[in-house]
Enquirer: 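Shown below is the structure under consideration.
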Amino acid sequence: LIAQNKESLDKVASIALARSQLAARSEIVLSTLRSVRAVSNGADLINLVKRLGELPSEHGYGEVALLARQYAEKINAKPFDERKTTLRSKLDNASLNFQEISSLKATAGGFEVLADLLDDESEVVRKNAAEGLVRRVYRQFPGLEVQVSDEGPSKQTCKYKFQYPDVPVEGELIMRDGLCCVLPSFDDFKDLMSGPIPMEDATGKCVNTMSVVISPNAFKVDKLSFY
């Protein structure tokens, strides 16, 4: 740095001072970004946010750049209800291509939008939303097989089989069972956990997995979008 600025040591001093204060400056920028993420219309900020998102990931800028890129995506995203309607039209299909759904960007077909369709009036949409959640999470896992049963809005059970990629156990990739339960309320969660939890396989090894999704309607707060 000094060799490149022999005739301008004041510039060297300014850069060195700025670098010494990078941590404090980053905290200020991060706090500012977090405070404006809830702004409904941030179009006037997009150019500034994009400049922050273009910062290099190294040299201490990584956290600022990541948050800025996430916020830029939020600004550019369509309203949640519009994204939900678009996804619903895709899910209302008895012969759905789940590979297409799994490859959608998070704003268009991610967990948040899929979960909001688990209480849809259509059984086809509900079942596809539930299966879409599982397939999105496990899209990189080989041997994935999913079966979904539906008992009504926010009452789905997904039973699936999968293998961990490239993790041999006792010389082979074992097939594991998974269970994902969609529940309408936290009271239903208490009832579920009071029953048997199928974490062990037929040999008694704890190799299976279980997850629970609580309906967004169970949260008695104003809906806040992640995007």
Side-chain angles (χ1 to χ4, degrees), residues 33-47 49-50 53 66-141 144-160 178-189 211-227:
L33 283 172
R34 293 186 184 110
S35 68
V36 300
R37 272 193 302 181
V39 175
S40 58
N41 182 9
D44 54 336
L45 301 174
I46 187 62
N47 289 333
V49 174
K50 282 185 175 179
L66 176 60
L67 187 61
R69 287 193 288 269
Q70 291 174 341
Y71 182 47
E73 185 176 0
K74 171 189 179 299
I75 295 174
N76 290 323
K78 296 179 180 179
F80 180 82
D81 287 342
E82 184 176 340
R83 288 183 276 131
K84 178 181 174 182
T85 299
T86 300
L87 180 61
R88 187 193 184 283
S89 67
K90 295 179 182 292
L91 296 180
D92 194 13
N93 184 346
S95 303
L96 183 64
N97 181 355
F98 284 101
Q99 182 63 36
E100 176 187 347
I101 300 300
S102 297
S103 62
L104 290 172
K105 297 179 66 173
T107 50
F111 206 98
E112 180 190 24
V113 195
L114 285 166
D116 219 60
L117 290 165
L118 294 171
D119 64 349
D120 193 84
E121 60 184 15
S122 167
E123 180 181 351
V124 172
V125 172
R126 294 194 303 263
K127 292 180 69 173
N128 283 341
E131 183 168 347
L133 286 175
V134 174
R135 289 191 177 278
R136 189 171 185 89
V137 173
Y138 288 89
R139 60 185 180 272
Q140 301 297 333
F141 288 67
L144 181 62
E145 302 174 8
V146 185
Q147 292 184 336
V148 181
S149 60
D150 180 276
E151 299 179 9
S154 298
K155 294 181 179 179
Q156 294 82 39
T157 301
C158 301
K159 296 181 179 180
Y160 53 98
L179 176 66
C180 177
C181 298
V182 180
L183 305 174
S185 70
F186 286 101
D187 289 336
D188 295 289
F189 175 70
S211 57
V212 177
V213 178
I214 306 295
S215 168
N217 294 328
F219 298 85
K220 306 301 181 181
V221 295
D222 293 337
K223 180 171 176 56
L224 293 176
S225 172
F226 287 109
Y227 300 100

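Just so you know, residue 1 is the first one in the sequence shown, and it goes up from there. Predicted model only: the values in this text are computed from it and were never measured.
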Enquirer: Name each donor-acceptor pair under 3.5 Å that joins a side chain in residues 128-140 to protein atoms two or more places apart or in another chain, with its distance.
Expert:
residue : atom : partner : partner atom : Å
N128    : ND2  : L91     : O            : 2.6
N128    : ND2  : N93     : O            : 2.9
N128    : ND2  : V124    : O            : 3.4
E131    : OE2  : R135    : NE           : 2.8
E131    : OE2  : R135    : NH2          : 3.2
R136    : NH1  : I101    : O            : 3.3
R136    : NH1  : S102    : O            : 3.1
R136    : NH1  : L104    : O            : 3.1
R136    : NH1  : G109    : O            : 3.3
R136    : NH2  : L104    : O            : 2.7
Y138    : OH   : Y160    : OH           : 3.3
R139    : NH1  : R136    : O            : 2.4

Enquirer: Would you say L179 and K159 make side-chain contact, with heavy atoms under 4.5 Å?
Expert: yes
Enquirer: Looking at every heavy atom in both L117 and K84, which two are closest together, and how far apart are they?
Expert: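 Result for this residue pair: CD2-CE, 3.6 Å.
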Enquirer: Can you pull out every salt bridge (Lys or Arg N to Asp or Glu O under 4.0 Å) where at least one residue sits in residues 94-103? Sequence neighbours excluded, please.
Expert: K90-E100
Enquirer: Any donor and acceptor pair, going by atom type alone, linking the side chain of R83 with main-chain N or O of A108 inside 3.5 Å?
Expert: no
Enquirer: Using modelled atom types and a 3.5 Å cut-off, is there a donor and acceptor pairing between side-chain atoms of Q156 and backbone atoms of R126?
Expert: no
Enquirer: Show the nearest heavy-atom pair for residues V113 and T107, with the distance to one decimal.
Expert: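 Smallest heavy-atom distance, with atoms named: CG2-O, 3.6 Å.
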Enquirer: Under a 3.5 Å cutoff, is there a donor and acceptor pairing between the side chains of S89 and D92?
Expert: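 No, D92 and S89 have no side-chain donor paired with an acceptor closer than 3.5 Å.
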Enquirer: Please name the pair of heavy atoms, one in S154 and one in D119, separated by the smallest distance, quoted to 0.1 Å.
Expert: OG-CB, 3.3 Å
Enquirer: If every non-hydrogen atom of K127 is compared with every non-hydrogen atom of D150, which pair is closest and at what distance?
Expert: CG-CB, 3.5 Å
Enquirer: Are there more than 12 heavy atoms of other residues, nucleotides or ligands under 6.0 Å from atom CZ of F189?
Expert: no
Enquirer: With rounding to the nearest 0.5 angstrom, report the CG to CG distance, D116 to D120.
Expert: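 Reported to 0.5 Å precision, the distance equals 10.0 Å.
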Enquirer: Quick check: do V213 and C180 have side-chain heavy atoms less than 4.5 Å from each other?
Expert: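 Side chain of V213 against side chain of C180, heavy atoms only: contact under 4.5 Å found.
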Enquirer: Which pairs count as ring pair (Phe, Tyr, Trp, His ring centres under 6.0 Å) when at least one residue sits in residues 86-135, sequence neighbours excluded?
Expert: none
Enquirer: Please report the closest heavy-atom contact between V148 and C158, naming both atoms and the distance.
Expert: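 Nearest pair, atom of V148 first, then C158: CG2-SG, 3.8 Å.
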